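Here the structure is a predicted model, which means the values were calculated and not measured.
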Protein chains: 2
Amino acid sequence: MSSKRVLTDRGSAVPALAEAFREHGFEGASLTVLSKATGLGKGSLYNFFPGGKEEMMEAVLTDIDTWFETAIFSPLERATDPAAAVTSMIEEVTAYFRSGRRVCLVGCIGLNASGAAFADRIRRYFARWIAALADCLRAGGVTDPVAAQLAEEAVSGIQGAIVLARALGDEAAFLRIVQRQQSILIGGMIARG
Amino acid sequence: MSSKRVLTDRGSAVPALAEAFREHGFEGASLTVLSKATGLGKGSLYNFFPGGKEEMMEAVLTDIDTWFETAIFSPLERATDPAAAVTSMIEEVTAYFRSGRRVCLVGCIGLNASGAAFADRIRRYFARWIAALADCLRAGGVTDPVAAQLAEEAVSGIQGAIVLARALGDEAAFLRIVQRQQSILIGGMIARG
DNA sequence: GTCTATAGATCGATAGAC
DNA sequence: GTCTATCGATCTATAGAC
């Protein structure tokens with residue numbers, strides 16, 4: 001047991017909040033929705049998040065940042081086997097985004113005005129992802145401008161795969177597109193490594 | 001003059017509605033927002049669209065379908081010069097999406113629960129785009145399964161470019177990514193044409 | 001056909017009992 | 001710390017004056 005408190009701390013509500021924001025968006029996720037999603041009354045939510053919905057979203061984004069940092073960004077940067085690290089990244093994002101059934105909350109809220117309050121975090125998330133992937137590609141022997149371009153296209157490609165798979169209701173489309181991205185990334189390294 | 005009525009018909013409000021839905025999303029676009037965007041009072045909006053917001057969105061989606069059919073899908077299918085048709089498609093979508101400053105409404109509303117009522121239209125929009133582009137690629141000599149895959153990846157790539165460019169606030173990123181998609185598409189045709 | 005006024009529901013947020 | 005009750009604001013939608 002790493003914590004003295006056994007349940008119902010602020011952090012344990014965050015995953016349910018994240019899922020509700022993903023499914024309904026920031027404006028669509030009313031406090032009634034968030035209350036049902038977490039199983040907590042409005043009073044409890046405001047006890048944990050005095051800043052209301054905006055603070056809830058901030059907590060969710062922080063949680064997402066932490067997860068990606070440990071599961072995606074850091075492994076890419078510390079990779080001893082860059083090709084394996086790329087493969088692992090694709091596997092992790094495929095599981096995380098549930099083959100496109102689960103949207104990328106960071107990407108989604110960046111698309112409309114409700115995300116203006118989080119613009120900096122959104123920008124840093126994508127910049128960080130691209131930088132970490134480019135780092136990995138450089139470790140795999142890809143020269144500098146090409147690494148940045150390949151990384152940008154791969155991260156963009158994953159986002160596009162989510163949009164398309166959701167729109168078509170076709171998880172296979174997500175898998176095809178990200179597998180193709182994986183091939184391009186690894187192919188780029190083999191060609192120069 | 002093709003019409004007897006000179007102004008304030010239902011259709012003339014649609015572009016402003018579309019822009020409001022793009023910027024705020026379906027839930028975020030309140031009737032107050034839509035009223036200000038169109039310059040029409042709520043009463044006038046309900047006079048044109050008795051079904052409320054949902055009918056407004058339907059009208060917007062129909063307008064988008066019409067535009068894409070004439071500017072994108074049909075030219076792709078009727079292309080005598082497939083490479084030129086692909087180049088034209090990229091130019092048109094770059095202008096239409098304002099280098100990623102303007103989001104794809106169809107893709108956006110497909111991402112959360114508010115788009116459930118329009119799921120069929122969303123699916124058909126993307127299926128139609130991919131099919132038309134694959135048609136063009138086949139006319140350019142690309143064999144069947146490859147054409148479908150390249151078309152899927154290109155449409156997905158454009159959507160990803162919008163998400164990334166919006167998130168980074170970087171129009172240049174959009175341009176780089178779609179130019180790359182154009183190269184892949186035309187390269188695929190040259191390799192087999 | 002346009003507007004203002006307003007109904008009825010739901011919103012985010014707070015207060016207070018326990 | 002949890003809940004219910006409720007506030008004022010805003011929402012969608014309607015009614016009615018002009």
Value in whole Å for how far the [atom2] atom of [N] lies from [atom1] of [X]:
X       : N     : atom1 : atom2 : result
A/Lys42 : D/dC7 : NZ    : C1'   : 11 Å
B/Asn47 : C/dG1 : CG    : P     : 6 Å
A/Leu45 : D/dT2 : CG    : P     : 9 Å

Please name all residues satisfying side-chain hydrogen bond (donor to acceptor under 3.5 Å, both in side chains) with A/Glu91, sequence neighbours left out, ordered by chain then number. none
side-chain hydrogen bond (donor to acceptor under 3.5 Å, both in side chains) against B/Ser35, all qualifying residues, sequence neighbours excluded: none
Scan the side chains in residues 39-54 of chain A for donor-acceptor partners under 3.5 Å anywhere in the protein, sequence neighbours excluded, and list what turns up.
from    : atom 1 : to      : atom 2 : distance (Å)
A/Lys53 : NZ     : A/Phe26 : O      : 2.8
A/Lys53 : NZ     : A/Ala29 : O      : 3.1

Return all side-chain donor-acceptor pairs below 3.5 angstrom for residues 158-165 of chain A, not counting sequence neighbours, or 'none' if the list is empty.
none

Using a heavy-atom cut-off of under 4.0 Å over every strand shown, decide if B/Gly41 touches base, sugar-phosphate, or nothing. sugar-phosphate
How would you list all residue pairs meeting side-chain hydrogen bond (donor to acceptor under 3.5 Å, both in side chains) that involve residues 92-109 of chain A, not counting sequence neighbours?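 Of all non-adjacent pairs touching residues 92-109 of chain A, those that pass side-chain hydrogen bond (donor to acceptor under 3.5 Å, both in side chains) are A/Glu19-A/Arg102, A/Arg22-A/Tyr96, A/Arg101-A/Glu171.
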Counterpart residues, ring pair (Phe, Tyr, Trp, His ring centres under 6.0 Å), relative to B/Tyr125 (two or more places apart):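 With neighbours one apart ignored, the set is B/Phe68, B/Trp129.
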Of the residues in residues 15-38 of chain A, which ones touch DNA chain D at a heavy-atom distance under 4.0 Å? none
Short of 4.0 Å, heavy atom to strand atom, which residues of residues 49-59 of chain B count as contacting DNA chain D?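 By residue number: B/Gly52, B/Lys53.
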Same apolar cluster: A/Ile109 and A/Val33, side chain cutoff 4.5 Å: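 Result: no, two separate clusters.
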Need to verify one output field. Residue with the more 5' nearest nucleotide on DNA chain C, A/Tyr46 or B/Gly39? B/Gly39
Among all residues two or more places apart in sequence or in another chain, which pass the side chain to side chain contact (heavy atoms under 4.5 Å, CB included) test with A/Ala154? A/Leu133, A/Gln181, A/Leu185
